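Structure, as structure tokens:
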Amino acid sequence: MKTENKEKQADYCRKAGEIFQRMLSEEREEESMRWRSRIRLAAAAGAMALLMTACGSSKTGGSGEAQTQAESQEAAAQNQESPALPVSKTEPSVPEGKSVSQEKDVTAAMPVDFMTMDPMDTSDTLSGGVQRLMMDGLFGFDDEMNIIPLLAESYEANEDATEYVIHLRQGVKFSDGTPFNAEAAKANLDRWGDKELGLKRTTLLCNVLKSAEVVDEYTVKVTLTEPFGAFIATLSHPACVIMSPQVIEEGKEACASRPVGTGQYIFKEWIAGDHTTITLNKDWWGYDKEICGGTALAEPDAGFKSITFRPVGENASRVAMLQAGEADFIWPVPTESMQTLAADENIYVGADEGIVVRYMFMNTQKVPFNDVRVRQAMNYAIDKDAYIAVVKNGLASKATSILGPATQHYKGNEPYAYDLEKAKKLLADAGYPDGFETNLICTTTTSDLKQCEFIQQQLAQAGITVNINSMEKAIVSEKVESAEGPGSEAEVEMYMSGWSSSTGDADWGIRPVLAKESEPPKSYNISYFENEEMDGYLYAALETADEEKRAELYAEAQDIIWEECPVVFFANDYNTWASAADVANVKIYPDGGLNIRNARMNP
């Protein structure tokens with residue numbers, strides 16, 4: 001056993017060394033590429049620092065004997081149980097009543113630009129997180145993603161979960177002066193149920209919403225076509241924030257470019273590719289403890305005078321902006337910069353486990369990914385441990401489902417082990433003994449390019465040639481997320497992405513990304529995966545309010561997904577963020593959305 005263990009260890013270290021040397025060689029590229037290479041070298045060096053503990057002489061005694069296998073396993077278990085996160089030791093705080101944030105204009109740097117200001121047509125968590133600063137939902141989340149009432153005060157449901165009576169909060173106005181009442185709620189519910197609008201998030205509710213009826217000025221009754229146990233959780237989704245009925249009446253374009261809500265901030269302008277600016281709504285109902293029912297949602301001095309969001313695709317540039325004071329906070333933090341920023345006394349760095357799962361879509365309606373053996377081979381051909389070490393700098397855990405572990409009704413499966421020989425055999429059995437050539441689409445951000453280059457290197461060992469096709473986010477949205485027609489005619493072959501169930505429930509972690517109804521442009525099933533049995537379990541789970549039954553049905557669906565492999569399963573992300581040390585309460589929700597409701601600043 002010792003000999004076998006040593007051989008495995010040596011092989012693991014050899015692979016790590018090869019990855020390191022490949023990235024090291026990129027340092028010799030021309031001068032224009034040096035900064036990007038240094039970032040990637042730092043990622044590899046960080047991984048090597050972790051790996052060399054196992055690759056060196058290990059623990060020795062006076063006789064120089066190697067550490068025993070039992071000791072190695074115990075040390076590995078301890079490291080796995082208590083990972084050392086590269087975060088700041090002290091969290092910023094501001095004394096009560098001393099915040100000056102409402103007098104300050106701040107800047108936030110983010111990796112990509114927004115695609116739309118219409119929440120119901122938004123397919124990314126970053127945009128949704130900013131939209132919910134301007135627009136409140138009937139329900140929302142606290143810091144731990146527990147559902148809380150926002151524009152709704154309470155609700156009642158019938159036993160079959162087909163009728164919901166929602167009592168609305170009084171004394172609230174939209175920033176355009178329109179009163180928030182049952183008519184406004186109905187206008188939004190009617191829009192969410194309108195399939196003809198063709199909005200990306202329509203499948204959240206359009207198949208179950210039958211009618212919305214105004215009972216009185218502050219009560220609305222919602223009738224569903226069938227039992228829907230996830231209804232209130234779904235109303236908590238960032239897409240289900242409430243827009244002014246005046247904007248809805250103006251039409252689709254107005255909703256996409258001039259959002260008006262009841263939120264803590266008011267939309268000012270969006271210059272695509274350059275910046276988006278929102279300003280503080282000092283009349284926000286969330287500051288009023290009486291309207292809130294006794295406890296305000298935020299401190300009276302919380303919030304910034306204005307926030308300008310700037311899309312900056314290059315990781316190093318975002319970090320440099322924060323270090324130079326040109327940005328007040330960034331999210332997510334490039335993994336290769338975590339330790340450097342955490343050591344800077346002028347910056348606060350935070351990290352927490354989230355519910356975002358990273359995976360790579362494979363178009364199952366195109367050769368060769370229409371063969372499950374090829375899809376399984378892809379999962380065996382990529383070393384997830386190396387991915388976490390090299391790409392994520394340890395800030396992730398191996399994916400065990402299409403859902404993150406903190407999602408309701410998650411069921412874990414045994415991760416696909418790294419087994420190159422098994423991958424090659426599956427490829428040969430499928431008719432590809434020499435591999436094949438394919439294209440991988442990604443955005444031009446440093447993080448996307450970094451992980452796609454890692455995938456390219458890994459799959460090359462199985463004989464698979466991967467051509468990376470990087471595009472601006474807007475073009476990706478057009479060619480991938482908004483593509484028309486069947487999957488067999490779509491341009492996409494592979495697409496690296498991730499997803500979080502922004503309702504906290506299994507339904508929205510699976511249905512939008514793998515149900516047949518969710519193929520582009522309606523939603524996000526970029527694998528064009530079609531499986532009647534899985535769809536049956538998903539719909540059956542929507543038709544009951546019995547959570548135990550729902551858990552059983554979602555478990556069956558997750559088992560099918562794990563066996564059929566419509567995606568390559570990578571990792572569960574940690575959420576990361578960094579801010580100037582004088583800024584407190586900048587956080588990230590577990591779904592990856594920005595959480596700055598109580599952000600404050602020291603003088």
Side-chain angles (χ1 to χ4, degrees), residues 110-131 191-207 237-241 243 248 251-259 270-273 276 311 313 359-366 369 438-445 448 452 468-500 502 508 510-530 566-567 592:
M110 55 192 190
V112 295
D113 197 9
F114 307 118
M115 293 295 101
T116 178
M117 289 294 153
D118 186 345
M120 193 53 67
D121 203 30
T122 295
S123 60
D124 65 289
T125 302
L126 183 145
S127 297
V130 173
Q131 289 160 1
R191 183 172 189 262
W192 300 341
D194 188 350
K195 295 182 181 180
E196 298 303 315
L197 290 174
L199 304 175
K200 290 186 176 68
R201 298 294 199 187
T202 299
T203 53
L204 267 171
L205 291 168
C206 70
N207 293 320
H237 190 283
C240 293
V241 291
M243 300 186 80
I248 292 175
K252 191 173 178 179
E253 183 179 344
C255 293
S257 60
R258 300 187 302 278
W270 174 28
I271 307 300
T276 300
Y359 39 76
M360 184 171 66
F361 291 103
M362 295 173 283
N363 188 339
T364 61
Q365 293 187 21
K366 297 186 79 169
F369 302 118
T438 187
N439 298 313
L440 172 56
I441 292 177
C442 69
T443 68
T444 55
T445 65
D448 263 11
C452 289
I468 298 172
N469 189 1
S470 61
M471 311 173 184
E472 295 296 331
K473 176 63 178 173
I475 300 175
V476 170
S477 179
E478 177 186 345
K479 289 182 173 289
V480 178
E481 299 166 15
S482 302
E484 302 277 356
S488 58
E489 298 176 6
E491 179 176 339
V492 65
E493 296 175 5
M494 299 193 303
Y495 177 56
M496 188 68 195
S497 188
W499 189 267
S500 67
S502 295
W508 203 246
I510 303 175
R511 189 161 53 96
V513 292
L514 290 177
K516 182 179 179 179
E517 69 174 35
S518 300
E519 293 177 6
K522 289 184 178 180
S523 196
Y524 216 67
N525 181 3
I526 295 168
S527 290
Y528 293 88
F529 183 59
E530 297 180 1
V567 302

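The shown structure was predicted, so the numbers you read here are calculated from the model rather than taken from an experiment.
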Side chain to side chain contact (heavy atoms under 4.5 Å, CB included) with [X]: which residues, sequence neighbours excluded?
| X | result |
| --- | --- |
| Lys252 | Leu199 |
| Ala256 | Thr116, Asp118 |
| Thr438 | Phe369, Phe436, Ile464, Val466, Glu493, Met494 |
| Ala474 | Met115 |

Checklist entry - Just wondering, are more than 12 heavy atoms of other shown residues or ligands nearer than 6.0 Å to NZ in Lys366? => result yes
Distance, nearest 0.5 Å, that separates [atom1] of [X] from [atom2] of [Y]:
| X | Y | atom1 | atom2 | result |
| --- | --- | --- | --- | --- |
| Cys255 | Ile248 | SG | CD1 | 5.5 Å |
| Met496 | Met360 | CE | CE | 7.0 Å |
| Ser518 | Ile510 | OG | CD1 | 11.5 Å |
| Met117 | Ser257 | CE | OG | 9.5 Å |
| Ile468 | Asn439 | CD1 | CG | 10.5 Å |
| Asn469 | Tyr495 | CG | OH | 12.0 Å |

Next on the checklist: Quick check: do Ser527 and Asn525 have side-chain heavy atoms less than 4.5 Å from each other?
Outcome noted: yes
Checklist entry - Under a 4.5 Å cut-off applied to non-hydrogen side-chain atoms, are Phe114 and Val130 in contact? => result yes
Checklist entry - Does Thr364 have any side chain to side chain donor-acceptor pair (under 3.5 Å) partners at least two apart in sequence or in another chain, and if so, which? => result none
Next on the checklist: Test: salt bridge (Lys or Arg N to Asp or Glu O under 4.0 Å). Region: residues 477-488. Which pairs qualify, not counting sequence neighbours?
Outcome noted: Lys473-Glu481, Lys479-Glu491
Checklist entry - Okay, side chain of Asp121, backbone of Lys200: is any donor-acceptor separation there less than 3.5 Å? => result yes
Checklist entry - Would a distance-only check, ignoring hydrogens and angles, find a side-chain to backbone donor-acceptor pair under 3.5 Å from Asp113 to Ala272? => result no
Item to check | side chain to side chain contact (heavy atoms under 4.5 Å, CB included) evaluation trace for Ser497 with Val513 | outcome: CA-CA 11 Å; Ser497 188; Val513 292; over 6 Å; no
Checklist entry - Using the ring of each side chain (for Trp, its six-membered ring), is Trp499 parallel, tilted or perpendicular to Trp508, with breaks at 30° and 60°? => result tilted
